[in-house]
Amino acid sequence: MTTHPKNTTNDPATGGPAAGGSPARLTVLAGPTAVGKGTVAADIRERFPDIWISVSATTRKPRPTEVHGVHYLFVSDAEFDRMIADGELLEWAVVHKAARYGTPKQPVLAKLAEGRPALLEIDLQGARQVRETMPEAQFVFLAPPSWDELVRRLVGRGTETAEERERRLETATLELAAEKEFDVTIVNASVREAADQLVKLIRSPSITGKS
Ligand code: 5GP
């Protein structure tokens with residue numbers, strides 16, 4: 001683990017580094033499918049523009065409202081293979097046995113070096129990989145208020161087929177059991193409150209056991 005201070009000299013108003021600023025802190029948000037990670041991240045993007053949120057690459061097809069370069073970098077299988085081969089991804093995983101998702105490494109490192117707090121919203125497999133390569137990051141688990149609520153949200157979203165939903169619930173069962181691997185849990189009872197709690201963590205200079 002590195003010992004240099006993280007995010008301690010950032011100006012809280014801008015998230016930018018103060019004079020002689022040190023690298024900002026990386027925060028990784030994970031949690032079960034349909035818990036609302038994307039909604040919480042979108043709320044942060046809107047209300048706290050100083051916090052940079054990584055745009056993942058994925059081989060999944062875009063949904064009707066999704067924009068290339070904003071929600072994801074939608075890439076072909078061949079392009080994703082190339083990104084892996086060229087070492088461009090900080091982490092990547094096959095999610096819901098359906099598509100590949102990965103975090104482009106260079107933009108994350110560049111933002112942190114600029115002193116800008118960065119957030120990754122990724123799945124559990126990806127969070128575990130980041131823990132290996134960047135253990136100084138803080139790992140936040142977004143939990144549903146209850147299992148029933150999680151199922152309700154997944155069904156209510158209506159963007160997946162029945163078969164896909166079944167696969168996602170299977171994944172969610174395993175993902176819920178992983179909470180103990182994380183530094184902090186935030187319960188997503190209200191998007192705004194969850195986002196506020198997460199922003200506080202993203203901007204905090206340190207949490208228990210980490211510099
Ligand atoms: P969706 O297809 O609903 O946008 O996202 C499906 C899942 O992929 C979510 O759990 C999301 O957190 C995860 N995901 C999105 N981007 C990445 C990424 O870059 N890496 C990994 N490992 N998972 C990601």
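Since we're looking at a predicted model, the values are computed, not measured. Note that ligands are numbered from 1 as they come in the structure, with each ligand's atoms numbered from 1 the same way.
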Residue from T59, T58, D77 passing side chain to side chain donor-acceptor pair (under 3.5 Å) with R100: D77

Please list, chain by chain and in numerical order, all residues satisfying side-chain hydrogen bond (donor to acceptor under 3.5 Å, both in side chains) with R45, sequence neighbours excluded. none

Does only the side chain of R63 get under 4.0 Å from ligand 1, or the backbone, or both, or neither? Count heavy atoms. side chain

So which heavy atom on A24 is nearest to which on P117, and how close? CB-N, 3.5 Å

Against I53, only a single residue in I44, T27, L120, L29 fulfils side-chain contact (heavy atoms from CB on, under 4.5 Å); can you say which? I44

Near E121 (heavy-atom distance under 4.0 Å), the atoms of ligand 1 are 11 (C), 12 (O), 15 (C), 16 (N)

Backbone, side chain, both or neither: what part of K37 comes under 4.0 angstrom of ligand 1, heavy atoms only? side chain

Could you tell me whether the side chain of D183 and the main chain of V140 form a donor-acceptor pair under 3.5 Å? no

For the residue pair H68 and F74, categorise the inter-ring angle as parallel (less than 30°), tilted (30 to 60°) or perpendicular (more than 60°). tilted

Please could you name the atoms of ligand 1 that A93 approaches to less than 4.0 Å, counting only its heavy atoms? 22 (N)

Just by distance, do the side chain of N188 and the backbone of V35 share a donor-acceptor pair under 3.5 Å? yes

From I122, D123, L90, V95 - option closest to atom 7 (C) of ligand 1 by heavy atom: V95

Please round to the nearest 0.5 Å and tell me the distance separating atom NZ of K37 and atom CG of D123. 7.0 Å

Please work out which of A127, S56, G38 has its closest non-hydrogen atom nearest to atom 17 (C) of ligand 1. S56

Please list, in number order, the atoms of ligand 1 under 4.0 Å from a heavy atom of G126. 22 (N)

Strictly under 4.0 Å, does any heavy atom of Q125 approach an atom of ligand 1? no

Quick one: which ligand 1 atoms are inside 4.0 Å of a heavy atom on Y72? 1 (P), 4 (O), 5 (O), 15 (C), 16 (N)

Please state which part of T103 comes within less than 4.0 Å of ligand 1, counting heavy atoms only: side chain, backbone, both or neither. both

I'd like to check which ligand 1 atoms, numbered from 1 as shown, lie under 4.0 Å from a non-hydrogen atom of R60. 1 (P), 2 (O), 4 (O)

